Amino acid sequence: MPRSPQENEALFDRRAATYDEDVRRPTGVLVGYEVSLYQAAAMILLAAGSEVLDVGIGTGAFARPLAADAARVSGVDVSAEMLARCRADHPSFALGMGSFLQIPHADRHFDALVSSFAFHEVPPAERPRACAESARVIRRGGRIWLLDIVFASSASLAEASEELHEQWDPDEIYPLVGEMDAALRTAGFSQLRWQQTAPYHWAVTGRRVT
Ligand SMILES: C[S@@+](CC[C@H](N)C(=O)[O-])C[C@H]1O[C@@H](n2cnc3c(N)ncnc32)[C@H](O)[C@@H]1O
C-alpha cells in the first residue's frame, strides 16, 4: 500500500538529518544513486538564464550542478526538514513547500522542470495528474528531466524484488517505463528519450509542445 502524503512528509522529515550520509552508501533500489545523478545531469542542456524548478528537491543534490547555467533554481518538497537542509547548503535557491500534485507556481513559469528519486512517491493513480501539473508550470517548448527508480517491465520489477529480497520495500509501487511514457505524452510532452542509468534507475527527458 503506498504511503499517504502525510506519512511521506513525516518519513522524510525524520530522514533529513542523515539523508546525505545515507545516499553516499546506497543500498537496495538506490544502488547507483550518485552515478545516476551524474548521468542524468549530463543529459540536461539548459540555455543560459533558464528558470528551473526541481520537484522533490530534497537536500538539493540534483539541482546543485544546474545552478551554474540557470538564472534561478527553485525547488519544492513536501518535507520542511529536507528543505531546511537544502536552504542551508544552497541559500540562493528559491525554496518552498509543494509536491508533484500541487506546484505553487504560475502556469508556464519555468523553462525546465527536473526531479530525482521523487516521482515514485506519488501514488500510481495520481501519476497522470502529477505529469499534468508538471506540464502546467513549463512554458511551451520547455523541457522536463525526470530521474527515478523505474522498471522497463513488470517482469523486470518482479526480478528486482527477488534480487533485493529483504531490501525490497513492499510499500513502494515503482513506475514502469511504458506507464510513465504514456502519462507524460498525455500531459503534453513529446520527443521523450529514455536512458537507463543504473540497474534500477531510468532517466527521461521530454519537451512540452502544447
Ligand atoms: C529519495 S528523496 C530524493 C531527494 C533528492 N531529489 C535527491 O535526489 O537526493 C525523495 C524526496 O521527495 C520528496 N517527496 C515525497 N513525496 C513527494 C511528492 N508527492 N511530491 C514531491 N516531492 C515529494 C521527499 O520529501 C524527499 O525529499
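All values reported here derive from a predicted model rather than from experimental measurement. Note that ligands are numbered from 1 as they come in the structure, with each ligand's atoms numbered from 1 the same way.
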Fit a plane to each ring of Tyr174 and His120, take the angle between them on a 0 to 90° scale, and name the class: parallel (under 30°), tilted (30 to 60°) or perpendicular (over 60°).
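Tyr174 and His120: tilted rings.
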
Determine yes or no for a side-chain-to-main-chain donor-acceptor pair under 3.5 angstrom, with Gln167 supplying the side chain and Gly28 the backbone.
yes

State whether the shortest distance between N or O atoms of Ala61 and N or O atoms of ligand 1 falls below 3.5 angstrom.
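No - when backbone and side-chain N and O of Ala61 are compared with those of ligand 1, no distance drops under 3.5 Å.
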
Ser99, any N or O under 3.5 Å of ligand 1 N or O
no

Between Asp20 and Arg85, is there a salt bridge with N-O shorter than 4.0 Å?
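Answer for the salt bridge query: no.
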
Check this for me: does any side-chain nitrogen of one of Glu121 and Arg3 sit under 4.0 Å from a carboxylate oxygen of the other?
yes

Does Phe100 reach ligand 1, in the sense of a heavy atom lying below 4.0 Å from it?
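Flag set, Phe100 near ligand 1.
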
Nearest protein heavy atom to [atom], by residue and atom, and its distance?
{"atom": "atom 9 (O) of ligand 1", "result": "Tyr33 OH, 2.5 Å"}
{"atom": "atom 22 (N) of ligand 1", "result": "Gly56 CA, 3.3 Å"}
{"atom": "atom 17 (C) of ligand 1", "result": "Val78 CG1, 3.8 Å"}
{"atom": "atom 8 (O) of ligand 1", "result": "Ser116 OG, 2.6 Å"}
{"atom": "atom 16 (N) of ligand 1", "result": "Glu121 CB, 3.4 Å"}
{"atom": "atom 3 (C) of ligand 1", "result": "Tyr19 OH, 3.2 Å"}

Let's go through Asp111 and Arg139 carefully: what are the C-alpha distance in whole Å and the side-chain angles of both, what is the deciding distance for salt bridge (Lys or Arg N to Asp or Glu O under 4.0 Å) to 0.1 Å, and is it a yes or a no?
CA-CA 6 Å; Asp111 300 297; Arg139 69 167 173 78; 2.5 Å; yes

Kindly identify the option in Pro5, Ala16, Ala118, Ala63 whose heavy atom sits closest to atom 12 (O) of ligand 1.
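Checking each option, the heavy atom nearest atom 12 (O) of ligand 1 is found in Ala118.
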
Option nearest atom 27 (O) of ligand 1 (shortest heavy-atom distance, choices Ile149, Asp77, Leu147):
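Among Ile149, Asp77, Leu147, the closest heavy atom to atom 27 (O) of ligand 1 belongs to Asp77.
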
I need the contact type for Asp54 against ligand 1. Using non-hydrogen atoms and a strict under-4.0 Å cut-off, is it side chain, backbone, both or neither?
neither

Could you tell me whether Phe117 approaches ligand 1 through its side chain, its backbone, both or neither, with non-hydrogen atoms closer than 4.0 Å?
both

Flag for [Y]-[X]: side-chain donor and acceptor within less than 3.5 Å:
{"X": "Tyr200", "Y": "Glu163", "answer": "yes"}
{"X": "Gln39", "Y": "Gln195", "answer": "yes"}
{"X": "Thr205", "Y": "Trp145", "answer": "yes"}

Numbered atoms and elements of ligand 1 in range of [X], under 4.0 angstrom, heavy atoms:
{"X": "Met82", "result": "27 (O)"}
{"X": "Ile57", "result": "5 (C), 6 (N)"}
{"X": "Gly58", "result": "4 (C), 27 (O)"}

With sequence neighbours left out, write down each residue that passes ring pair (Phe, Tyr, Trp, His ring centres under 6.0 Å) with Phe93, or none if nothing qualifies.
His90

Would you say the ring centers of His201 and Phe117 fall short of 6.0 Å from each other?
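Between His201 and Phe117, the centre distance is under 6.0 Å.
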
